[in-house]
Amino acid sequence: MTITVIGAGYVGLVTAAVFSELGNKVYCVDISEERVNSLKKGKVPFFEPQLPEYLKRNIEEKRLFFTTSYSESVPKSQIVFICVGTPPTNNGEADLSYLFSAVEESARNFKGYTLITIKSTVPIGYEDDLEAIVKKYAKNNFEFAASPEFLKEGTAIEDTMHPDRIVIGTNSQKAQKMLLELHAPISGERIICDMRSAQLIKYASNAFLATKISYVNALAILCENMGADVGKVLSGVGADKRIGNAFMKPGVGYGGSCLPKDVTAFIAQADSFNYDFQLLRSVDAVNNTQIERFINKIRKALDAQEGKRTNLDGLTIAILGLAFKPNTDDIRDAPSIKIIKHLLDLKAKIVAYDPQTNENMKKVLPQVSYMEDAYKALQKADAMVLVTEWSEFSQMDFEKIKKIMKKPIIIDGRNMFDREKLKSLGFSYTGVGR
Ligand code: UDX
Ligand code: UDX
């Protein structure tokens with residue numbers, strides 16, 4: 001098949017890479033000329049394992065093309081995938097302006113039957129608006145489908161090649177057939193449904209994942225108050241097959257480009273469909289208080305060491321890990337940004353290191369000193385604060401760290417380190433829910 005993918009972000013590029021890898025001819029369209037030009041040379045604008053190799057191979061095999069021109073690609077395509085961003089507006093709803101303009105630009109260029117398949121996360125209820133936009137340019141020779149993706153940054157290619165499920169949302173038999181054919185080489189359960197149900201599957205999945213995390217973060221607080229160990233509690237809870245132990249790690253709260261925005265957008269949608277989604281309001285509220293709790297934790301650890309209320313003015317805090325999670329250079333809604341801003345307000349000096357995001361962070365928080373490795377960041381630091389659990393931090397040389405830090409204080413926001421070992425080396429250790 002010949003297909004067009006609109007939007008060369010995480011979702012669009014991974015979609016284009018995978019479908020070209022499977023032998024289709026794929027055009028990937030993006031409004032950013034700079035992005036398209038560097039992609040043509042095989043340069044990926046962000047860090048995502050395996051993606052550069054996939055892109056390079058398929059560009060060389062002449063199955064994958066990048067362009068800013070809809071007219072170069074859409075007329076040749078049977079399917080157009082819409083993968084532009086749907087960022088949050090100030091009131092938490094999804095901003096659909098990119099979606100509408102991508103659909104409009106596509107429709108101007110339809111030639112023959114075209115199936116518009118929405119992969120972007122789009123709220124329910126805009127089908128008529130989308131249809132009206134296309135009808136301005138094309139009569140009846142088009143159909144819509146929704147086929148949300150569930151890729152996680154860091155394992156995006158793997159998640160797309162071997163997904164748990166493929167959701168195909170359309171009432172048209174023809175569209176179903178085309179999408180089933182396109183996905184034929186990919187394993188995973190097929191969920192065939194109407195468009196609204198497909199879109200709801202995406203929001204409901206992300207909101208459920210967020211709920212799981214807020215639940216374990218709330219449990220972690222209770223464990224601290226009660227003197228229990230959240231790790232043990234969650235192993236016991238997760239051993240129940242109905243619950244499972246995936247996505248059950250307590251930490252500094254969920255971040256990233258999807259979970260926070262999809263939870264607030266889902267609450268807003270529920271409101272407009274006459275349901276006050278109180279459960280999700282609480283999920284969001286628990287997440288929003290995580291940062292402040294974590295700052296208090298850092299302060300408490302410093303106070304305990306000094307035996308008095310510490311003033312952070314003049315203290316150096318080393319932050320390890322800045323990306324919203326490991327194996328990505330994405331800092332959208334990264335908890336690290338909020339944590340650092342709080343600490344800067346308290347006049348602490350911040351030194352930081354992340355294996356992938358130092359450059360991205362410099363643009364957002366230029367006041368921070370970024371180091372090229374963890375040991376350089378820890379040199380003469382008054383405390384180490386672990387925010388993102390990159391695997392390279394797990395086996396650091398803590399004897400060396402004890403010697404180079406000014407004070408042996410570790411606040412571990414992800415329960416990554418061996419608490420007993422650190423205590424035996426003379427560190428003051430604070431985790432989450434332990
Ligand atoms: C995706 C989905 O599209 C979003 O709905 C979902 O909720 C999160 O994941 P992502 O791929 O991460 O978003 O988006 P982003 O990395 O912001 O990339 C979007 C791309 O679309 C950018 O390269 C941008 O230049 C391009 N774009 C945007 C267009 O080509 N046309 C537009 O009109 C707007
Ligand atoms: C998420 C969904 O998992 C994916 O299916 C969807 O398509 C896009 O949104 P992503 O944002 O890449 O993917 O990251 P994810 O691995 O889900 O992590 C989200 C946030 O939750 C991160 O900040 C992470 O640190 C946090 N998290 C995750 C926890 O705090 N605990 C966990 O157990 C898992």
Side-chain angles (χ1 to χ4, degrees), residues 4-16 28-36 38-39 44-46 48 66-70 81-88 94-106 118-123 146 148-156 159-160 163-165 167 199 201-203 205-210 212-217 220 234 238 244-263 265-266 287 290 321 323-328 330-336 387-389 413-415 432:
T4 290
V5 173
I6 315 283
Y10 283 89
V11 176
L13 276 184
V14 172
T15 303
C28 188
V29 181
D30 199 285
I31 37 168
S32 160
E33 212 159 299
E34 192 191 339
R35 185 165 277 215
V36 166
S38 65
L39 280 163
V44 185
F46 44 80
E48 180 61 42
F66 292 98
T67 176
T68 53
S69 157
Y70 283 73
F81 281 102
I82 308 287
C83 303
V84 294
T86 49
D95 176 356
L96 301 182
S97 54
Y98 300 144
L99 168 83
F100 290 147
S101 84
V103 168
E104 179 152 8
E105 285 309 311
S106 301
I118 311 236
K119 276 208 171 286
S120 305
T121 308
V122 176
E149 49 64 41
F150 302 92
L151 60 86
K152 300 181 294 303
E153 289 177 24
T155 53
D159 292 342
T160 310
D164 292 331
R165 76 291 214 191
V167 175
Q199 288 163 275
I201 287 171
K202 174 70 184 188
Y203 277 107
S205 301
N206 274 358
F208 190 82
L209 293 171
K212 248 185 151 179
I213 299 173
S214 277
Y215 182 73
V216 300
N217 282 331
L234 289 174
N245 46 28
F247 232 78
M248 290 270 268
K249 287 200 302 258
V252 291
Y254 57 79
S257 70
C258 288
L259 262 45
K261 86 164 168 46
D262 289 351
V263 167
F266 201 17
N287 202 54
Q290 280 301 103
F324 83 93
K325 66 170 191 179
N327 302 318
T328 177
D330 198 343
I331 54 168
R332 288 180 285 181
D333 251 314
S336 65
V387 178
T388 311
E389 69 279 31
R414 303 282 183 171
N415 287 350
V432 182

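We use all heavy atoms of the structure for the numbers below, so side chains are in, but hydrogens, waters and symmetry mates are not. Just so we're clear, the structure is a prediction, and the values are computed from it rather than from any experiment. Both counts, for ligands and for their atoms, begin at 1 and track the order of listing.
Residue, atom and distance of the protein heavy atom nearest to atom 10 (P) of ligand 2 are Lys325 NZ, 3.8 Å. In this structure, the protein non-hydrogen atom closest to atom 19 (C) of ligand 1 is Gly85 N, 3.8 Å. Here the heavy atom of the protein found nearest to atom 33 (O) of ligand 1 is Ser101 OG, 3.4 Å. The shortest contact between atom 29 (C) of ligand 1 and any protein heavy atom is with Ile31 CG1, 3.3 Å. Looking only at heavy atoms of the protein, atom 17 (O) of ligand 2 is closest to Phe247 CZ, 3.1 Å. Looking only at heavy atoms of the protein, atom 21 (O) of ligand 1 is closest to Gly7 CA, 3.4 Å. Protein heavy atom closest to atom 16 (O) of ligand 1, with residue, atom name and distance, is Gly9 CA, 3.4 Å. Atom 4 (C) of ligand 1 has Thr86 OG1, 3.7 Å as its closest protein atom, hydrogens excluded (heavy atom only).
Considering both main-chain and side-chain atoms, Tyr254 never comes within under 3.5 Å of ligand 2 through any nitrogen or oxygen pair. Close N/O approach between Ser32 and ligand 1 is not found [any backbone or side-chain N/O within under 3.5 Å].
Judged by the shortest distance from any of its heavy atoms, Lys261 lies inside the 4.0 Å radius around the atoms of ligand 1.
Under the 4.5 Å side-chain criterion, counting only non-hydrogen atoms from C-beta, Pro45 is in contact with Leu39. At a threshold of 4.5 Å between non-hydrogen side-chain atoms, the residues Asp262 and Phe266 do not count as touching. Between Phe247 and Ile213, the closest side-chain pair of non-hydrogen atoms falls below 4.5 Å. At a threshold of 4.5 Å between non-hydrogen side-chain atoms, the residues Tyr98 and Ile31 do not count as touching. Residues Lys249 and Arg414 form no side-chain contact, since every pair of their non-hydrogen atoms from C-beta on lies 4.5 Å or further apart. Pro163 places none of its side-chain heavy atoms less than 4.5 Å from the side chain of Phe150. The side-chain heavy atoms of Ile6 and Tyr70, taken from C-beta on, include a pair separated by under 4.5 Å. Counting only heavy atoms from C-beta outward, the side chains of Tyr254 and Ser214 approach each other to under 4.5 Å.
The closest non-hydrogen atom to atom 30 (O) of ligand 2, taken over Asn217, Asn327, Ile213, comes from Ile213. The heavy atom nearest to atom 5 (O) of ligand 1, considering only Thr15, Val36, Thr121, Asp30, is found in Thr121. Across the listed options Phe81, Tyr98, Tyr70, Phe46, Tyr98 owns the non-hydrogen atom lying nearest to atom 34 (C) of ligand 1. Heavy-atom proximity to atom 32 (C) of ligand 2, evaluated over Lys249, Arg414, Lys212, Gln290, is greatest for Lys249. Scanning Glu104, Arg332, Arg35 for the heavy atom closest to atom 14 (O) of ligand 1 points to Arg332. When the heavy-atom distances from atom 3 (O) of ligand 1 to Val11, Leu96, Asn206, Val84 are ranked, the shortest goes to Val84. With distances taken over non-hydrogen atoms, the option nearest atom 20 (C) of ligand 2 out of Gly256, Gly255, Ser257 is Gly255.
Of the heavy atoms in Lys119, none comes closer than 4.0 Å to ligand 1. Here Ser120 has heavy atoms under 4.0 Å from ligand 1 in both its backbone and its side chain. With a 4.0 Å cut-off on non-hydrogen atoms, Leu209 touches ligand 2 through its side chain and not its backbone.
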Tell me, with the steps shown, if Ser97 and Asp95 meet side-chain hydrogen bond (donor to acceptor under 3.5 Å, both in side chains). CA-CA 6 Å; Ser97 54; Asp95 176 356; 2.8 Å; yes
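Here CG of Leu259 is found 12.5 Å from NZ of Lys212. Values are rounded to the nearest 0.5 Å. Put simply, CZ on Phe81 and OG1 on Thr15 are 7.0 Å apart, with the number rounded to the nearest 0.5 Å.
Close approach of ligand 2 to Cys258 (heavy-atom distance below 4.0 Å) involves ligand atoms 8 (C), 9 (O). Those atoms of ligand 1 that come under 4.0 Å of a heavy atom in Tyr10, given as number and element, are 10 (P), 11 (O), 12 (O), 16 (O). Shown in contact with Glu153 at under 4.0 Å from a heavy atom are these atoms of ligand 2, numbered in order with element: 12 (O). The ligand atoms of ligand 2 that sit less than 4.0 angstrom from a heavy atom of Glu149 are 7 (O). Near Lys202, meaning under 4.0 Å from one of its heavy atoms, ligand 2 places the atoms 6 (C), 7 (O). With ligand atoms numbered from 1 in the order given, ligand 2 contributes 1 (C), 9 (O), 19 (C) to contacts under 4.0 Å with heavy atoms of Leu259. Numbered from 1 in the order shown, with element, the atoms of ligand 1 that lie under 4.0 Å from a heavy atom of Cys83 read 3 (O).
Side-chain N or O atoms of Asp159 include one that pairs as donor or acceptor with a backbone N or O of Lys152 at under 3.5 Å. Counting only distance, with no hydrogens or angles, the side chain of Ser120 and the backbone of Ile82 share a donor-acceptor pair below 3.5 Å.
In summary, Arg332 and Glu153 engage in a salt bridge, as defined by a charged side-chain N under 4.0 Å from a carboxylate O. With salt bridges taken as basic N to acidic carboxylate O contacts below 4.0 Å, none links Lys325 and Glu389.
Within a 6.0 Å radius of CZ in Phe46, other residues, nucleotides and ligands contribute more than 12 heavy atoms.
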